[in-house]
Amino acid sequence: MKKAWWKESVVYQIYPRSFMDSNGDGIGDIQGIISRLDYLKKLGIDVVWLSPVYKSPNDDNGYDISDYRDIMDEFGTMQDWEHMLEEMHKRGIKLVMDLVVNHTSDEHPWFVESRKSKGSPYRDYYIWRPGVDGKEPTDWTASFGGSSWQYDNATGEYYLHMFSKKQPDLNWENPSVRREIYDMIRFWLDKGVDGFRMDVINMISKKEFLSSYEDFKNGNIHNKEYHPNGERVHDFLQEMNREVLSAYDILTVGECPGVTPEQARLYTAEERHELNMVFQFEHMSLDKQPGKRKWDLKPLDLHDLKENLTKWQKSLGEQGWNSLYWNNHDQPRIVSRFGNDKEYRTESAKMLATLLHMMQGTPYIYQGEEIGMTNVRFETIEEYKDIETSNIYRDRVDKQGLNPKEVMESIYAKSRDNGRTPMQWTSGPHAGFTTGTPWIRANPNYKEINVARALEDANSVFYHYKKLIELRKRHEIIVYGSYDLILEDHDSIFAYTRKLGKEELLVLNNFYQQETVFTLPPDIQFHSKELLISNYTVDVNQDIKEFLLRPYESRVYKLSR
Ligand code: GLC
Ligand code: CA
């Protein structure tokens with residue numbers, strides 16, 4: 001397997017709005033990030049992925065960009081940003097920026113021009129269609145609810161938006177759009193950034209769906225539902241790679257909702273020159289009812305998780321590359337989701353961390369995950385700030401007439417705001433995030449769960465993450481070893497091996513609170529063993545042929561044959 005720095009790195013995601021506020025306005029900012037870089041250095045991460053800091057009216061917290069080449073006022077100035085990059089590089093930390101190019105803000109000058117007239121030179125930068133029989137052109141629905149078409153008075157046509165109506169989709173079929181985007185990417189690369197996380201990048205090609213619109217208009221077929229991974233997406237990415245990316249030594253990761261392992265290979269196989277890796281979502285949809293939305297809850301079945309993650313490990317083992325994540329700014333907190341955020345918060349957070357970080361791929365840590373931050377339960381819907389969350393509440397309670405209590409339970413489990421409450425730094429007011437009033441309330445458990453406390457406690461989740469990162473630097477097998485699931489049918493243990501040369505890693509995780517017996521499969525033979533990491537005190541000389549795994553117990557042994 002070919003070596004690469006981005007395969008050997010651990011990435012830390014910062015959601016700037018909620019990370020650290022430096023000036024008391026209640027909103028996290030770039031100076032705040034700079035003030036916490038030593039903390040990230042201590043954790044040992046190699047790369048920061050920074051969620052968008054560009055100019056934005058904040059309909060979707062920065063994922064609606066009105067100027068790709070400038071910084072949002074609340075976050076600071078371009079000088080602040082340059083200073084941040086310098087301070088990161090000084091500490092050996094790389095910076096990956098978020099690239100949101102499926103859509104812009106409706107306040108972006110391109111769209112402002114585009115909507116003025118059908119003859120505007122920018123008209124074709126977006127996707128405009130006349131209505132059909134006085135209705136929307138197709139029945140596609142937007143991710144945040146409602147139709148994905150918005151009627152615009154000025155010209156009497158509809159524009160396409162797969163997210164909010166303030167996020168019109170760009171028309172990637174237009175070569176001028178692509179050229180502008182490549183120029184913009186070059187602008188940031190020349191400033192010294194080390195890569196991009198590409199927002200919903202597998203949605204940029206829509207040709208065949210739009211032609212199904214033509215058929216629809218002519219009365220031939222029903223609307224085809226919108227699907228990602230459109231037919232020209234690989235052409236576009238290969239072009240982007242050829243024109244810009246290939247000239248730089250960078251990390252690229254594409255966010256790809258709905259992607260299968262086969263498709264992921266097309267995006268990430270080295271010889272295809274597209275992306276380094278993608279974020280897939282299959283493991284994030286195992287706790288929803290099949291065919292329904294994430295709000296329609298279902299408990300996780302461990303067998304599904306084992307099967308799914310193993311499928312990804314195997315599919316991208318030799319071709320392409322995996323990203324590994326439990327959390328990001330769109331997901332609930334993993335310790336509340338698959339772990340136990342009450343009496344076994346520490347144990348289960350560490351177990352989940354080990355389970356993920358010992359797999360093959362590049363691990364991503366989302367701010368607060370490293371101290372075991374949990375989901376939040378705000379009493380009223382008004383305390384939630386996320387557009388997706390407020391929309392689903394209105395949709396389910398006001399329109400569908402569902403029981404508000406039940407809808408709130410879904411929100412407690414799945415709202416994106418679970419991941420967006422302020423980073424918990426101290427036990428002081430607002431978790432030490434701000435001296436003012438935070439834009440979203442801190443999780444009240446910050447008095448117990450915070451960075452200051454974690455740093456003082458040698459057994460904290462923080463030091464477990466730190467150790468996992470150190471292990472990756474010391475043992476090549478963690479990066480490059482091949483993966484195999486063991487104890488496939490076991491109901492409560494998620495165990496696997498990694499193999500490289502004469503070495504073998506044995507990764508054991510009790511996924512539940514009940515103790516359970518581990519029995520070493522007879523084909524695993526070794527001369528000596530070394531315990532690399534665990535979340536309980538373990539007698540290192542213990543015979544491991546058969547023993548009891550305690551609640552959420554997790555161990556990694558390095559075996560030598
Ligand atoms: C991605 C982002 C999400 C955003 C959406 C639209 O899924 O992660 O936060 O709302 O794209 O840009
Ligand atoms: Ca601020």
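Indexing begins at 1, ligand by ligand and atom by atom, following the structure's order. The shown structure was predicted, so the numbers you read here are calculated from the model rather than taken from an experiment.
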Decide, counting backbone as well as side-chain atoms, whether Glu74 has an N, O or S atom less than 3.0 Å from the Ca ion (ligand 2). no

Less than 6.0 Å separating the ring centroids of Phe111 and Tyr159? yes

Got the closest protein heavy atom to atom 7 (O) of ligand 1, with its distance? Glu255 OE2, 2.9 Å

Do Phe462 and Tyr465 have their ring centres less than 6.0 Å from each other? no

Atom 8 (O) of ligand 1: the protein heavy-atom neighbour that sits closest, reported with distance to 0.1 Å: Asp330 OD2, 2.5 Å

For His103, is the nearest heavy atom under 4.0 Å from an atom of ligand 1? yes

Are Trp81 and Phe75, when compared by the centres of their aromatic rings, separated by less than 6.0 Å? no

Less than 6.0 Å separating the ring centroids of Phe433 and Tyr446? no

Closer than 4.0 angstrom: is that true for some heavy atom of Arg416 and an atom of ligand 1? yes

Which segment of Phe144 sits under 4.0 Å of ligand 1 when only heavy atoms are counted: side chain

Relative to the heavy atoms of His329, which atoms of ligand 1 are at a distance of less than 4.0 Å? 2 (C), 3 (C), 8 (O), 9 (O)

Has Thr434 got an N/O/S atom less than 3.0 Å from the Ca ion (ligand 2)? no

With a cut-off of 6.0 Å (strictly less than), are more than 12 heavy atoms of other residues, nucleotides or ligands near CD of Glu379? no

Under 4.0 Å, heavy atoms only, figure out whether ligand 1 is touched by the backbone of Arg197, its side chain, both or neither. side chain

Given Leu189, Asp98, Leu251, the one that forms side-chain contact (heavy atoms from CB on, under 4.5 Å) with Phe196: Leu189

Parallel under 30°, tilted from 30 to 60°, perpendicular over 60°: which one fits the rings of Trp326 and His283? tilted

Would you check if the Ca ion (ligand 2) lies under 3.0 Å from any N, O or S atom of Gly28? no

shortest atom 5 (C) of ligand 1-to-protein heavy-atom contact is with Phe163 CE2, 3.8 Å

Checking a contact table here: which protein heavy atom is nearest atom 1 (C) of ligand 1, and how many Å away? Asp199 OD1, 2.7 Å

With atoms numbered from 1 as shown, which atoms in ligand 1 lie under 4.0 angstrom from a non-hydrogen atom of Arg420? 9 (O)

Would Arg178 pass as a cation-pi partner of Trp172, given that its NZ or CZ must be under 6.0 Å from the six-membered ring centre and within 45 degrees of the axis? no

